[in-house]
Amino acid sequence: MNQGSRPNRGNQRPQGSGSGRGASGAGRSKQNPRSADSRPGSERGTESSSGSWSKSHGGPKQSKKSGAPAKKYSGPKAFGKERFGQNLGPVDSGRTKPTQRARAAAAQSDLEGVRLQKVMANAGVASRRVCEEMIAAGRVEVNGSLVTELGVRVDPERDAVHVDGMRLQLDAEKRYFVFNKPRNVVSTMEDPEGRKCITDFMRKKSQERLFHVGRLDYQTEGLLILTNDGEAANRLAHPSFEVPKTYLVQVRGPMATGIGAQMKKGIKLEDGWASVDSFRLIDSTPGHVLVEVVLHSGRNRIVRRLFDEVGHPVTRLVRVQVGPIRLGDQKQGTIRPLGNQEVGHLLAMVGM
């Protein structure tokens, strides 16, 4: 990044979490519990009985991590015309700190770069005029430094640009998708045993080389992120970033009081202690209980093993959210591209 006059210094980023519409993508079955009470459930982390399977697919509000306070930006919204990601809110400011690579890129940017507002407009943020207003309003950062003047030039291949805390993906070759995995599908791109796998649901099998972020076991349904961005995939799967994952869990009922508190406190499994970040009883009908849990552990079959340990084997399991990305009303077996806002929030969550 280069600028004709002395750059403004600052490093303010917003934080928070949004809300989304519930999903029906996981489908309905005869096992699905129904409830006449459609009022919202209790606050996250408590045990209550309300709502239904389909109404819970949006997931709970995620816990806020320590860091700078949330900042609300006024004026036109970045990527305001997009369908996906409208309700994600401000990003977590504690995660998007400039890396050593970003600082080195800033020092090497050359004066022949592209004007910042043009780069933003080309990325689909807004019109060039609106992008200029965003810069002047202090809503844009380049390599971790706040920019408020219009003379800045950047190198799209090396510089990191954030708008309202969201990282702009300036590499057109990087792709990000959400796959709603059905039951009895292997979470791999190929399967030597000939079972259905992710590639069977892709239209352009020969043209897309994608990584799946984490796995879902053969019987588990729901959200899988697919991308050709190897660095993002590694960070999203790495336990140090503590990316939260939200599941809807159906078990046989009734469920004794105190199970949720026990799971939040911690349960000893064969490979060590494990716990959930939140536990919420969504619905209870004779013989069936629907629970929503949030946890950041990526250990193998961790949700099923936790419920086995407390005496309630899982009869159906659907992952409905990973970080800020929600399953929404996406149909099973389909793959959709992430919107720019979703990509921005996702990259910000893992410090990119």
Side-chain angles (χ1 to χ4, degrees), residues 15-17 26 40-51 53 56-67 92 94-95 187 213-217 219-225 234-284 288-327 346 349-351:
Q15 173 180 345
S17 59
S42 63
E43 294 182 357
R44 174 183 168 183
T46 60
E47 296 179 65
S48 65
S49 178
S50 63
W53 182 284
S56 303
H57 281 194
K61 293 181 179 180
Q62 302 299 338
S63 62
K64 295 182 179 180
K65 293 188 176 289
S66 60
D92 187 338
R95 296 180 182 261
S187 295
V213 178
R215 292 172 180 259
L216 293 174
D217 66 53
Q219 295 293 329
T220 300
E221 310 161 50
L223 194 155
L224 265 177
I225 294 176
N234 289 333
R235 291 191 179 206
L236 286 165
H238 200 280
S240 65
F241 289 98
E242 298 187 345
V243 177
K245 306 168 187 70
T246 304
Y247 295 85
L248 290 181
V249 190
Q250 186 170 269
V251 299
R252 301 286 182 188
M255 180 175 286
T257 303
I259 295 294
Q262 184 181 355
M263 283 195 170
K264 287 190 289 181
K265 184 177 180 180
I267 295 174
K268 189 173 183 180
L269 304 176
E270 65 273 14
D271 55 350
W273 287 88
S275 63
V276 300
D277 300 332
S278 78
F279 179 103
R280 191 159 63 112
L281 188 62
I282 299 296
D283 197 17
S284 181
H288 296 285
V289 175
L290 182 64
V291 174
E292 175 192 80
V293 295
V294 180
L295 69 167
H296 58 267
S297 172
R299 287 151 65 180
N300 185 42
R301 303 183 75 254
I302 187 65
V303 176
R304 293 183 184 275
R305 290 192 290 141
L306 282 170
F307 278 87
D308 283 344
E309 193 66 25
V310 297
H312 289 278
V314 173
T315 59
R316 189 182 181 193
L317 182 61
V318 182
R319 184 159 70 190
V320 295
Q321 185 171 350
V322 174
I325 308 304
R326 302 171 189 271
L327 197 60
L346 192 65
M349 169 156 279
V350 291

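Predicted model, so just to flag it, every value in this text is computed and none were measured. Scope of the values below: all heavy atoms of this structure, side chains included, with no hydrogens, waters or symmetry mates.
When all heavy atoms are compared, the tightest approach of F241 to M349 is CD2-O, 4.3 Å. Across I302 and A274, no two heavy atoms sit closer than the pair CD1-CB, 3.6 Å. The two residues L236 and V243 make their nearest non-hydrogen contact at O-CG2, 3.8 Å. Closest approach of L216 to E221, counting heavy atoms only: CD1-O, 3.7 Å. Residue I267 comes nearest to M263 through the heavy atom pair CD1-CG, 3.8 Å, listed as atom of the first residue, atom of the second, then distance.
Shown are R316, R319, R304; of these, the side-chain hydrogen bond (donor to acceptor under 3.5 Å, both in side chains) with T220 is made only by R304.
Formation of a donor-acceptor pair under 3.5 Å by the Q321 side chain with backbone atoms of G323 is found in this model. Using modelled atom types, no side-chain atom of H296 and backbone atom of P239 make a donor-acceptor pair closer than 3.5 Å. Judged purely by atom type and a 3.5 angstrom limit, T315 uses its side chain to pair as donor or acceptor with the backbone of Q250.
Interatomic distance, R235 CZ to L346 CG, rounded to the nearest 0.5 Å: 11.5 Å. If you take NZ on K265 and CZ on F279, they are separated by 16.0 Å, rounding to the nearest 0.5 Å. If you take CG on L295 and OG on S275, they are separated by 8.0 Å, rounding to the nearest 0.5 Å. In this structure, OG1 on T257 lies 12.5 Å from CD on Q262, to the nearest 0.5 angstrom. Here the NZ atom belonging to K245 is positioned 13.5 Å from the CD1 atom belonging to I325, to the nearest 0.5 angstrom.
Applying the salt bridge (Lys or Arg N to Asp or Glu O under 4.0 Å) rule to R299 yields the partners D271; only residues at least two apart in sequence or on another chain are considered.
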